[in-house]
Amino acid sequence: MLEKTFDPGPIEARWYAHWERTGAFRPARPEARPFTIVLPPPNVTGTLHIGHALNQTLQDILVRWKRMQGHDARWVVGTDHAGIATQMVVERTLAGQGLSREGLGREAFLARVWAWKAESGGAITRQMRRLGASCDWANERFTMDEAYARAVTRVFVQLHAEGLLYRDKRLVNWDPQFQSAISDLEVENREVNGHFWHLRYPLADGSGHLVVATTRPETMLGDTAVAVHPEDDRFRHLVGRRVAHPLTGRQLPVIADDWADPELGTGAVKITPAHDFNDWAVYERHREIGWINILNPDGTLNDSVPEPYRGLDRFEARRRVVADLEALGLLERVEEKRVQVPHGDRSGAVIEPFLTDQWFVDASRLAKAAREAVATGRTRFVPASWEKTYFQWLDSIQPWCVSRQLWWGHRIPAWYTPDGTVIVAESEAEAQAKAGPGVPLRQDEDVLDTWFSSALWPFATLGWPEATPDLARHYPGDVLVTAFDIIFFWVARMMMQGLHFTGDVPFRTVYCHGLVRDAAGAKMSKSKGNAIDPLVLVDRYGADAVRFTLAALESQGRDVKLDEKRVEGYRNFATKLWNAVRFAQAQGIGAGSEAPPAAAHPVNRWILGEAAAMVRAVTASLEAFRFDQAADALYHFTWSRFCDWYLELAKPLLADGSAAAAETRATAGFVLDQLLKALHPFMPFLTEELWHAQGQRHTDLILAPWPAFAVAPSDAADEITWLIELVSAIRSARTELNVPPAARLPLHAPPAIEARLARHLPALERLARVSALAFAPPAGPGIAQLVVAGETYALPLGEVIDLAAERARLARAAEAAEREAEGLAGRLANPGFLARAKPEAVEKARADHAARLAEAERLRAALARLG
RNA sequence: GGGCGCGUAGCUCAGUGGUAGAGCACUGUGUUCACACCGCAGGGGCCGCAGGUUCGAACCCUGCCGCGCCCA
């Protein structure tokens, strides 16, 4: 017998350990059709946040469902080495011990990182287990695994050999805090209050000055020109002349270029090629102006600037430049202005465009196949609207800077000879062979962008570049489940690399879900303090309730606004089911048969039909990735059908020696089994516990076959629908007429339905407090009347009835019926409707009209009888 | 500036051509031996606004208003 109260904690711990120990997450099914999902690998430094919980819940639902359908279901799991984040974590720890990365040296530092990973790197995967994630842990991967690293090197070398990866000096987004290049995707533009400084640049010949406006005055120390628009008559005469830089004294040419916007600022713009992406483009059209880099990697000014500014931090330099210009009388005015300032999404530091030598992938060439694969439907997005986002990004893709000035990561397999020759090779030995014996080689100090290696995840986890059986069987994967915000970071890059290196797409379907927000719709963040820790929710309400909540709220990729009240509600749902099973146990209802039991009683035939419909709805919803609809079907079947009506209607049947008792026990057992199976992907722990509580089983529920059964159509559904309506109508009338709850009343009914009523008298007694049936019109005053399914029923209330209340009640019902009938009559009187509407619609309107009319007549007649 | 999306009951959201739904919240109530994390009954909506298409529009089209996100 189950405990009186449902306590999720111990149940969860017990079943997860059991499943993992028995290999249930990946049973050997060599004959079965594979079903593969690759987990977007979480950051190894990470802890489970609510976004992971949503992402992983959805994947686990799919995997458990497919596993139950008999597939060789495999959820590829692992973590990402997260170059910057991990290096930061370890450096912070070192700083606490008075140590530094530089002090330790590269090798010793990397040893520390590995030690850290061994000790603390598993936090997130332990947390995933608490959520119930049924991953293939036996084949867990890490992006820095030796085999994985070989795949990364192979990709680098091959792309290089194909001319798709090259070294170049270009402007990159430079993070002065990390002192590394970062990807343009890792830059977040924030709009902040800034200034527009209008600066006077004297003409070199002393004949006046030109005013330029800038939001970053410190960069003027790297100016190499001033540009005006070629059509701008105000400045036409100055083109080709020179201005004297007020602080460096350099002579800067005035050039004509379309980049200068006559509408913006003064119409003249200073050009600083080494510190602005647009200015670099101007330089490429006017090579003669050259460029000057004024920054050190740490964001201080270097020796290219006049002595007083050297070594100043860029922000301090800004203040100094402005102050000095003001002192010189060259600061014409200062305007308040909202400006877009790039920030590193991890460091939060202001990003500088910085001219360095880096490695780039020619993404535009790889993008073609990636675009094509989605355009032709080889990979589809769900919801499809995300395709547009994907296309737009691929269509405007820029060279991808893949080198990072970090130590933790895949070291770039490139070596330099003393004369500067670059050799790209899969190993140092190979490089040496290429360079010739005895030539000293120095390996590139940098590592690769973490996303460069993550992009290989769908195939490198399966053994690529070896032609492994795993790869043959599980690539391409079936589904990728991901938040839409990493379509660019990850999905597009996996598509590019997957297609290029395997010739096939990495997955057939990309399901994009939304972000989890707080109850008010705000993005969750630690700094705002509105972040919800999924494990706190698990502790409070159980993993099943958290999972069910996330699934129920997940609708077509919309953002999920999570209110703890919802979790509480689904905890209540779990308890409801728990109690239903307790009741079943008390009634001798146990494990059901494999096939639907033969049932004669309408109540049993009805619930079998309802259960079959529920299973169909859940299956269809999952096929369409409608997690909310599937959850809704399960919730309503369980609560509103099975608990509220079936169990209540079954109680009299189960009572002492009724002929229908055995049949009802068999039916209830079978239906409960189907429910537990269909609910299992959503609430795995509770359902597994209840599955075993119900009797001896051949298999754990996690490996039980997904339900699929049909029941012959019957008129039982009509009969029970009528019964439910009748009971509801009686209850409603009793409440509205203030009948004392304990009072039992006889029910007067038309003789024509005596048999039907008699069949359900025990239910009516129990659920509607009916004392007896009568088939003659009731005598005396104080009759309450109801119309259900075209028949009039009466409840004699004697003197207690409130005549006025009853009259009002009947009148209201009659008016409602008449209103509906009139509406339908109006439609039927419309020749256009009869001529053009679908025949079924016309048919239904006619039937409904007749029914409403009859109901109204009966209600009016009842009203007349009241007097 | 370009793109995407959203506006339906107090709140959070389903519903995408045929008489408006759910959960929570709210009101009243509590007979019954699964469950008060419960039962029963109930109130509550010009489906953002204005046009159009259609026999018929919450749903399709256009415009407007408001809100959000992405990109520049």
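From a predicted model like this one, the values you see are computed outputs, not experimental measurements. Per chain, numbering begins at 1; letters A, B, ... match sequence-line order.
Between B:G45 and B:C40, the two P atoms lie 24 Å apart (nearest whole Å). Using atom P as the reference point in both B:G48 and B:G7, the two lie 8 Å apart (nearest Å). One C1' atom belongs to B:C55, the other to B:U19, and the distance between them is 15 Å to the nearest Å. Taking the C1' atom of each, B:G21 and B:A58 are spaced 12 Å apart, rounded to whole Å. Separating the P atom of B:G3 from that of B:A22 is a span of 39 Å, rounded to the nearest Å. Comparing the P positions of B:C24 and B:G39 gives a spacing of 9 Å, expressed to the nearest Å. One P atom belongs to B:U62, the other to B:U53, and the distance between them is 15 Å to the nearest Å. For the P atoms, the distance from B:C61 to B:C70 is 26 Å, rounded to whole Å.
Closest contact between the side chain of A:Ala837 and the listed nucleotides B:G30, B:A14, B:C55 involves B:C55. When distances are taken from the side chain of A:Phe833 to each of B:U12, B:G18, B:C37, the shortest belongs to B:G18. The A:Asn830 side chain lies nearest to B:C55 when the options are B:C40, B:C55, B:C71. Comparing B:C13, B:C37, B:U29 by their nearest atom to the side chain of A:Thr575 picks out B:C37. Closest to the side chain of A:Lys388, from the set B:C35, B:C71, B:C4, is B:C4. Checking B:U19, B:G39, B:A41 against every side-chain atom of A:Ser728, the shortest atom distance belongs to B:A41.
Heavy-atom minimum distance, A:Arg380 versus A:Glu387: CA-OE2, 4.5 Å.
Residue A:Ser385 places none of its side-chain N or O atoms closer than 4.0 Å to OP1 or OP2 of B:C4. Look at A:Trp393 and you won't find any side-chain N or O under 4.0 angstrom from OP1 or OP2 of B:C4. For the OP1/OP2 pair of B:C38 and a distance below 4.0 Å, the side-chain nitrogens and oxygens of A:Lys576 include no atom meeting the criterion. Distances shorter than 4.0 Å separate some side-chain N or O of A:Arg836 from OP1 or OP2 on B:C55. Remark: A:Lys4 is in phosphate contact with B:C35, judged by side-chain N or O atoms under 4.0 Å from OP1 or OP2. Not one side-chain nitrogen or oxygen of A:Asn572 sits closer than 4.0 Å to the OP1 or OP2 atom of B:C35. For A:Lys838 and B:C55, the shortest distance from a side-chain N or O to OP1 or OP2 is not below 4.0 Å. Distances shown here put a side-chain N or O of A:Ser732 below 4.0 Å from the OP1 or OP2 atom of B:G42.
Judged by distance alone with a 3.5 Å cut-off, a donor-acceptor contact links the side chain of A:Arg571 to the base of B:C37. Contact annotation: side chain of A:Arg769 to base of B:U31, donor-acceptor pair present below 3.5 Å. For A:Gln392 against B:A72, no side-chain N or O and base N or O form a donor-acceptor pair under 3.5 Å. Remark: the A:Lys565 side chain and the B:C24 base include no donor-acceptor N/O pair separated by less than 3.5 Å.
Using a 4.0 Å heavy-atom cutoff across all strands shown, A:Arg744 reaches no nucleic acid atom at all. Among the atoms of the strands shown, base atoms are found under 4.0 Å from some heavy atom of A:Glu648. Residue contacts for A:Ala586: at a heavy-atom cut-off of 4.0 Å it reaches no nucleic acid atom on any strand shown. Within the nucleic acid shown, A:Arg626 comes within 4.0 Å of sugar-phosphate atoms alone, with no base atom in reach, counting heavy atoms only. Using a 4.0 Å heavy-atom cutoff across all strands shown, A:Asp848 reaches at least one base atom of the nucleic acid.
Nearest-nucleotide mapping onto RNA chain B: of A:Ala584 and A:Ala841, the residue sitting toward the 5' end is A:Ala841. Summary of the strand contacts: A:Pro741 and A:Arg582 both lie near RNA chain B, and taking for each the nucleotide with the nearest heavy atom, the more 5' one is attributed to A:Pro741.
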Without placing hydrogens or testing angles, list every side-chain donor-acceptor pair under 3.5 Å for residues 638-647 of chain A, not counting sequence neighbours.
unit_1	atom_1	unit_2	atom_2	d
A:Thr638	OG1	A:Leu634	O	2.6
A:Tyr646	OH	A:Asn604	OD1	2.6

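Between the CD1 atom of A:Ile61 and the CZ atom of A:Phe627 there is a distance of 6.0 Å, given to the nearest 0.5 Å.
No side-chain donor-acceptor contact under 3.5 Å links A:Asp279 and A:His275.
The backbone N or O of A:Leu686 sits less than 3.5 Å from a side-chain atom of A:Asp544, completing a donor-acceptor pair.
For A:Arg827 and A:Phe833, the positive end sits near the middle of the six-membered ring, less than 6.0 Å away and at most 45° from its axis.
Relative orientation of the A:Tyr390 and A:Phe381 rings is tilted, given thresholds of 30° and 60° on the angle between their planes. Ring geometry, A:Tyr635 versus A:Phe548: the interplanar angle falls from 30° to 60°, so the pair is classed tilted.
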For Watson-Crick and G-U wobble pairs within 3.5 Å on both distances, what is RNA chain B written in dot-bracket notation, | included for inter-strand pairing? ((((((((.[[[[.)..(..]]]].(((((.......))))).....[[[[[..)....]]]]]))))))).
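Ion pairing between a basic and an acidic side chain is recognised when a charged N comes within 4.0 Å of a carboxylate O; A:Glu736 and A:Arg812 show such pairing.
Look at NE2 on A:His636: it is 13 Å from P on B:G21, rounded to the nearest Å.
Among A:Thr389, A:Thr379, A:Val510, the one residue that satisfies the side chain to side chain contact (heavy atoms under 4.5 Å, CB included) test with A:Val491 is A:Val510.
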